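Every value quoted in this text rests on a predicted model; they were computed, and no experiment measured them. Starting from 1, each residue takes its place in the sequence as its number.
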Amino acid sequence: NDFAKFTSRWMGEQFASTSGQTPSYAAQNFFHGKHATAKVAAGHNDLDAASAIAVERMKITISKNLTDYQAFGSVGPTSFPNQKFEARGDITLLFHAVTQRDYLTNSTKRALRLTIANTGATAVSGSTYPTVQIDMPVCCFTEWSASDENDGIIKQTLSFVAEYDA
């Protein structure tokens, strides 16, 4: 069981003041693959009741496409407006039925949820445990492929793009 991993890039303004600031470090609660669940449902409201699917790998890329804007009278960026926001990813799982493939071939949109919850860690408060949950209420599927190993298990990969949901 490997760690759940992420990478990120940040943009920001210069610190206004660095004096008097003391960092605080809380206990680290790790997220492993065993803490993750993925769900697919017909709609966003159906995700709570949906059963978890057996996923080997799920990758989600969220791109805000920030840009810095510098106006007259300032030595640094005035603001960081968003440009095109995009959330996309792919799921890898065993190929033992055509259900996921048919999401693509039938142009079926689905809601997706990735939850990583370490219920074995020390509770943050009461019965609240360290949790990261990403819900995508409407996703369209853009690509499907299956491995073609003769002597191994067959895996399928399904790519998706989250769509705007008003």
Side-chain angles (χ1 to χ4, degrees), residues 1-12 25-67 82-166:
N1 256 336
D2 200 1
F3 289 102
K5 300 173 184 160
F6 80 96
T7 58
S8 63
R9 292 187 328 186
W10 297 81
M11 294 178 85
Y25 301 100
Q28 293 187 11
N29 295 306
F30 296 105
F31 290 120
H32 291 94
K34 68 182 180 181
H35 300 127
T37 56
K39 293 183 176 185
V40 178
H44 187 240
N45 293 336
D46 303 322
L47 283 169
D48 288 335
S51 298
I53 57 173
V55 171
E56 178 185 59
R57 177 183 168 276
M58 186 169 188
K59 178 181 179 180
I60 300 172
T61 302
I62 299 171
S63 303
K64 289 185 67 165
N65 295 308
L66 293 177
T67 187
N82 290 326
Q83 297 178 93
K84 179 186 175 189
F85 180 87
E86 183 177 60
R88 62 176 46 246
D90 57 68
I91 304 169
T92 302
L93 60 162
L94 286 177
F95 181 42
H96 53 75
V98 295
T99 306
Q100 285 78 22
R101 184 201 66 191
D102 288 350
Y103 294 156
L104 174 68
T105 58
N106 296 331
S107 297
T108 306
K109 295 182 180 181
R110 288 285 185 249
L112 293 175
R113 171 178 288 166
L114 171 64
T115 304
I116 307 171
N118 185 350
T119 56
T122 304
V124 177
S125 65
S127 62
T128 304
Y129 295 95
T131 303
V132 174
Q133 181 168 295
I134 300 172
D135 282 3
M136 292 167 281
V138 181
C139 290
C140 68
F141 299 93
T142 58
E143 194 175 326
W144 178 89
S145 64
S147 61
D148 56 0
E149 300 173 21
N150 287 334
D151 296 331
I153 57 174
I154 300 175
K155 298 176 186 179
Q156 60 182 330
T157 301
L158 189 65
S159 299
F160 61 87
V161 175
E163 294 185 349
Y164 176 76
D165 182 44

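Within the model, atoms CD of Glu86 and CD1 of Ile62 stand 11.0 Å from one another, a figure rounded to the nearest 0.5 Å. In this structure, Trp144 CH2 and Leu158 CG are separated by 9.5 Å, a value rounded to the nearest 0.5 Å. Between Ile60 atom CD1 and Leu114 atom CG the span is 4.5 Å, to the nearest 0.5 Å. Note that CZ of Phe160 and CE of Met58 are 4.5 Å apart. Values are rounded to the nearest 0.5 Å. The CG atom of Asn65 lies 8.0 Å from the NZ atom of Lys84; values are rounded to the nearest 0.5 Å. For the atom pair SG (Cys140) and NZ (Lys109), the distance works out to 6.0 Å, reported to the nearest 0.5 Å.
When side chains are defined from C-beta on, Phe141 does not count as touching Asp102, because their heavy atoms never get closer than 4.5 Å. Residues Val55 and Thr92 are not in side-chain contact: their nearest non-hydrogen atoms beyond the backbone lie 4.5 Å or more apart.
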(request) Kindly determine whether Leu66 and Asn82 satisfy side-chain contact (heavy atoms from CB on, under 4.5 Å), including the steps that lead there. (result) CA-CA 5 Å; Leu66 293 177; Asn82 290 326; 2.8 Å; yes

(message) I'd like to know whether Lys155 forms a side-chain contact (heavy atoms from CB on, under 4.5 Å) with Thr157, so could you lay out the CA-CA distance, the side-chain angles of the two residues, the decisive distance to 0.1 Å, and finally the verdict.
(response) CA-CA 7 Å; Lys155 298 176 186 179; Thr157 301; 5.8 Å; no

(request) Check the pair Leu112, Ile91 against side-chain contact (heavy atoms from CB on, under 4.5 Å), reporting the backbone distance first and the verdict last. (result) CA-CA 10 Å; Leu112 293 175; Ile91 304 169; 4.1 Å; yes

(request) Go through Arg57 and Asp90 one step at a time and tell me if the salt bridge (charged side-chain N to carboxylate O under 4.0 Å, His left out) criterion holds. (result) CA-CA 8 Å; Arg57 177 183 168 276; Asp90 57 68; 2.5 Å; yes

(request) Verify salt bridge (charged side-chain N to carboxylate O under 4.0 Å, His left out) between Arg113 and Asp48, making sure each step is shown before the conclusion. (result) CA-CA 9 Å; Arg113 171 178 288 166; Asp48 288 335; 2.8 Å; yes

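Side chain of Asn118 to backbone of Gly120: a donor-acceptor contact under 3.5 angstrom is found. Side-chain atoms of Asp165 never come within 3.5 Å of backbone atoms of Val138 as a donor-acceptor pair (strictly under, hydrogens ignored). Between the side chain of Gln156 and the backbone N or O of Leu94 there is at least one donor-acceptor pair closer than 3.5 Å.
Minimum interatomic distance between Ile153 and Ser147 (heavy atoms only, all atoms of both residues): O-OG, 3.7 Å. The heavy-atom pair separating Pro130 from Phe31 by the smallest distance is O-CE2, 3.3 Å. Across all their heavy atoms, Ala97 and Gln100 have their closest contact at O-OE1, 4.4 Å. Considering all non-hydrogen atoms of both residues, Gln83 and Thr67 come closest at NE2-CB, 3.5 Å. Of all non-hydrogen atoms in Tyr129 and Thr119, the two that sit nearest each other are CE2-O, 3.4 Å. The heavy-atom pair separating Val40 from Ala50 by the smallest distance is O-CB, 3.9 Å.
Ring geometry, His32 versus Phe30: the interplanar angle falls from 30° to 60°, so the pair is classed tilted.
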